[in-house]
Amino acid sequence: MVRRTKSEAMETRAEILDAAERVFHRKGVLSATLNDIAKEAGVTRGAIYWHFENKHDVFMAMVERNRLLFDTLSEKAEDPAEPDPLGRLGDFMCTLLRQVVEDQHQRRIFEIMFHKCEFSGENLQLLGKQRDKCRESYARMGRVLSNAVARQQLPATLHIARAVNWLHSQLTGVIMFWLLDPESMDLGRDAEGFVETCLFSLANAPYLHASRQVSSA
């Protein structure tokens with residue numbers, strides 16, 4: 001057997017993930033098989049198993065590899081020494097929304113996650129992994145908002161857990177519906193305004209603050 005260099009192995013891994021992205025997008029995660037991915041990538045199933053345990057492992061690696069830019073922005077906002085955590089959060093959100101529009105890989109991944117990943121049958125295992133990632137994301141967002149409160153950029157009354165859930169739903173919601181109908185809004189152009197509205201709501205919406213009463217009128 002020919003010994004492969006590390007760079008060759010990493011190139012093969014990237015080709016497998018590129019192929020998985022195309023196959024998952026075309027067939028859906030539940031219907032796609034490792035044979036489909038191997039054929040698309042021009043490799044054997046053995047080559048896939050050398051890098052990944054199973055199809056779900058391929059899926060999670062595909063999602064995670066595009067996160068470097070977002071992780072860098074998030075880490076800045078999570079750093080207690082960051083003087084402007086709310087500004088860094090805004091940068092993160094604007095970059096995320098614009099990447100969905102401008103980067104075909106990022107757009108395709110979100111389309112797969114939101115519209116082509118059925119959480120049934122064998123994919124129930126994947127649901128647990130996705131849930132863990134969501135909880136990790138919630139925890140990171142909570143640290144960012146706590147930093148903003150500590151810097152007096154947001155009120156001390158902010159209900160962190162409630163605000164995290166609300167903000168996460170705003171981001172995922174606008175992306176999900178834009179992917180269904182890209183003509184409904186110019187997401188790239190409107191990203192900054194959308195983010196400004198979200199940050200304003202964090203500071204001012206009664207529902208997001210523990211000591212404020214929400215009117216029932």
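The structure displayed is predicted, hence computed values, not measured ones.
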Rounded to the nearest 0.5 Å, how far apart are [atom1] of [X] and [atom2] of [Y]?
X	Y	atom1	atom2	answer
Asn165	His159	CG	NE2	9.5 Å
Gln106	Ile175	CD	CD1	8.0 Å
Leu89	Leu202	CG	CG	7.5 Å
Asp91	Leu96	CG	CG	12.5 Å

> By the rule that ILVMFWY residues connect when side-chain heavy atoms come within less than 4.5 angstrom, directly or transitively, which residues belong alongside Phe177?
Replying inline: Leu180

> So which residues get pulled into Phe200's cluster when ILVMFWY side chains under 4.5 Å apart are joined, directly or through others?
Replying inline: none

Can you give me every donor-acceptor pair (side chain of residues 134-141, partner residue at least two apart or in another chain, under 3.5 Å) with its distance?
{"residue": "Arg140", "atom": "NE", "partner": "Glu78", "partner atom": "OE2", "Å": "2.6"}
{"residue": "Arg140", "atom": "NH1", "partner": "Asp71", "partner atom": "OD1", "Å": "3.1"}
{"residue": "Arg140", "atom": "NH2", "partner": "Glu78", "partner atom": "OE2", "Å": "2.8"}

> Take atom NZ in Lys116; do more than 12 heavy atoms of anything else shown fall under 6.0 Å from it?
Replying inline: yes

> Among all residues two or more places apart in sequence or in another chain, which pass the salt bridge (Lys or Arg N to Asp or Glu O under 4.0 Å) test with Asp103?
Replying inline: none

> Residues two or more places apart in sequence or in another chain: which of them pass salt bridge (Lys or Arg N to Asp or Glu O under 4.0 Å) with Asp84?
Replying inline: Arg88

> Between Ala148 and Leu86, what is the shortest heavy-atom contact and its length?
Replying inline: CB-CD1, 4.2 Å

>> Can you pull out every side chain to side chain donor-acceptor pair (under 3.5 Å) where at least one residue sits in residues 22-32? Sequence neighbours excluded, please.
In response: Arg22-Glu40, His25-Glu111, Arg26-Glu40, Lys27-Asp36

>> According to salt bridge (Lys or Arg N to Asp or Glu O under 4.0 Å), does anything in residues 42-63 pair up with another residue at least two apart or in another chain? List the pairs.
In response: Lys55-Glu122

So, using side chain to side chain contact (heavy atoms under 4.5 Å, CB included) as the criterion, who are the partners of [X] when residues are at least two apart?
X	answer
Cys94	Arg98, Glu192, Val195
Val43	Thr12, Ile16, Ala38, Ala41, Ala47, Ile48
Ala61	Arg13, Leu17, Phe52

>> Please check this pair: side chain of His168 against backbone of Ala163, looking for a donor-acceptor N/O pair closer than 3.5 Å.
In response: no

For residues 183-191, dump all side-chain donor-acceptor pairs below 3.5 Å to protein atoms at least two apart in sequence or in another chain.
{"residue": "Ser184", "atom": "OG", "partner": "Asp181", "partner atom": "O", "Å": "2.6"}
{"residue": "Asp186", "atom": "OD1", "partner": "Arg189", "partner atom": "N", "Å": "3.1"}

> Got a sec, which pairs hit ring-ring contact (aromatic ring centres under 6.0 Å, His included) with one end in residues 93-116, sequence neighbours left out?
Replying inline: Phe110-Phe114

>> One thing to verify: whether Glu82 and Arg151 come together as a salt bridge, which I'm taking to mean a side-chain N less than 4.0 angstrom from a carboxylate O.
In response: no

